[in-house]
Amino acid sequence: MATHGKMKVVPNNCVTTIKIPRKVESVYGVDYNPVLGLYATFNYDDGVSVWDPVSGKVLAEFEELGENFRDTLFVPGDRLAVSSSEGNHGGSIQIFTLGKDQSDSDEFEIEDLPMTYPGALALSPGRNLLVTDAFNSGEGVHEIFMDWHNLKVLKCREFDIGDEDADGGISLLCCSLDFNVTTYVYTPQILSSAKVCFNSEGEVQIQEQVTITYYMLDGEEKQIDEESITGLAHDGQNLIIAVGDEIVLLESITEGSNGHLIASDIEPSGQIRLNHEGQLMVCDTNCIKLFEYNCNPRPLQDLCRCNVRKTIHTVGYVDKVNSLAIPSMLKNYLLYK
């Protein structure tokens, strides 16, 4: 997707640093639920922790899945999806519904998975679960259609957007609002992207498929296979990659795209993601850093919502919003529904 006009990016604009609770030893991935005001982080050995950034309290831990966690992602309905896989032993995807005080949860396991080793997770524009195979890139990307209200799998479909030379698993995955899916395979290092479209019968048609081997940064050619990519994100217009000690925004998902520096001298310890305010969330050692890189001012209504949330952001926030004497439409807006 091309960007029109002169691109402007604010580099190294870290607006917030959030300390990870002491109980959480290390972080390889992060997601944030703006309705609950909670972070979910994981590492590959110890599991998933859900915690409150205000109090620093860990509210829920999921360690019973075993080791080799792959990814975690908040999904519709105040739920958390967790993937874990171990070579030669298979894997699972668990969906946890957080209790009212977030300290307890109901567990649902997706049965008859379309892949053997579930890995990276993302949400499609239709709020379905996108999953890759952690060890076999030939499996492609699977879309699992969920009835989130009743926690039922409706159907699954697969689309292949990778490079035929890849022989490892897809370690990173992201999806844009217009269904542009980007994947990264570690062995060999391949960054691939494609637009997922559908014909009149609803069948998948892959368009604009591309493998990116290099990009341009400050007039210098940067090869994708020179340093490992540790994070992928898409903000609806541009692809963002974490590579080496830099985080770079690409103007377009094309070979040789111009890149713009979002952050330097930082080495993310895992997948990067965007939060509800368009800030880039980056795990860095024992903290999460939030970067604002976009020069475009945020809409006034977004700023108002942010101010309201900060004013009444306490335990029971959802109930307090629902008790306000305001129209339901405004309540839904405050709750990001």
(request) Spell out, as yes or no, whether a donor-acceptor pair under 3.5 Å connects the side chain of Asp52 to the backbone of Val54. (result) yes

(message) Taking CD in Glu221 as the centre, count heavy atoms belonging to other residues, nucleotides or ligands within less than 6.0 Å. Is the count above 12?
(response) yes

(request) Considering only NZ, NE, NH1 and NH2 on the basic side and carboxylate oxygens on the acidic side, decide whether Lys23 and Glu61 come within less than 4.0 Å. (result) yes

(request) Inspect the surroundings of CZ in Phe179 and state if more than 12 heavy atoms from other residues, nucleotides or ligands are less than 6.0 Å away. (result) yes

(message) Would the distance check show the side chain of Arg273 and the main-chain N or O of Leu280 forming a donor-acceptor pair, the cut-off being under 3.5 Å?
(response) no

(request) Report yes or no: does Trp51 contribute a side-chain atom to a donor-acceptor pair with the main-chain N or O of Ala60 at less than 3.5 Å? (result) no

(message) Under a 3.5 Å distance rule, please check whether Asn33 uses its side chain to pair with a backbone N or O of Val35 as donor and acceptor.
(response) yes

(message) Using only atom types and a distance under 3.5 Å, with no angle test, would you say the side chain of Ser257 pairs donor to acceptor with the backbone of Ser252?
(response) yes

(message) Keeping Ser269 on the side-chain end and Val27 on the backbone end, is there a donor-acceptor pair under 3.5 Å?
(response) yes

(message) Take a 6.0 Å sphere around CD of Glu25 and say whether it holds more than 12 heavy atoms from other residues, nucleotides or ligands.
(response) no

(message) Under a 3.5 Å distance rule, please check whether Asp225 uses its side chain to pair with a backbone N or O of Gln189 as donor and acceptor.
(response) no

(request) Compute the ring centroids of Phe96 and Phe62, then answer whether they are less than 6.0 Å apart. (result) yes

(request) Could you tell me whether the side chain of Asn294 reaches within less than 4.5 Å of the side chain of Lys8, counting heavy atoms only? (result) no

(request) Ignoring hydrogens and angles, tell me if any N or O in the side chain of Asp160 forms a donor-acceptor pair with the backbone of Gly140 under 3.5 Å. (result) no

(message) For Asp147, I'd like to know if atom CG has over 12 heavy atoms of other residues, nucleotides or ligands within 6.0 Å.
(response) yes

(message) Surrounding CG of Leu177 (heavy atoms of other residues, nucleotides or ligands, distance under 6.0 Å), is the total greater than 12?
(response) no

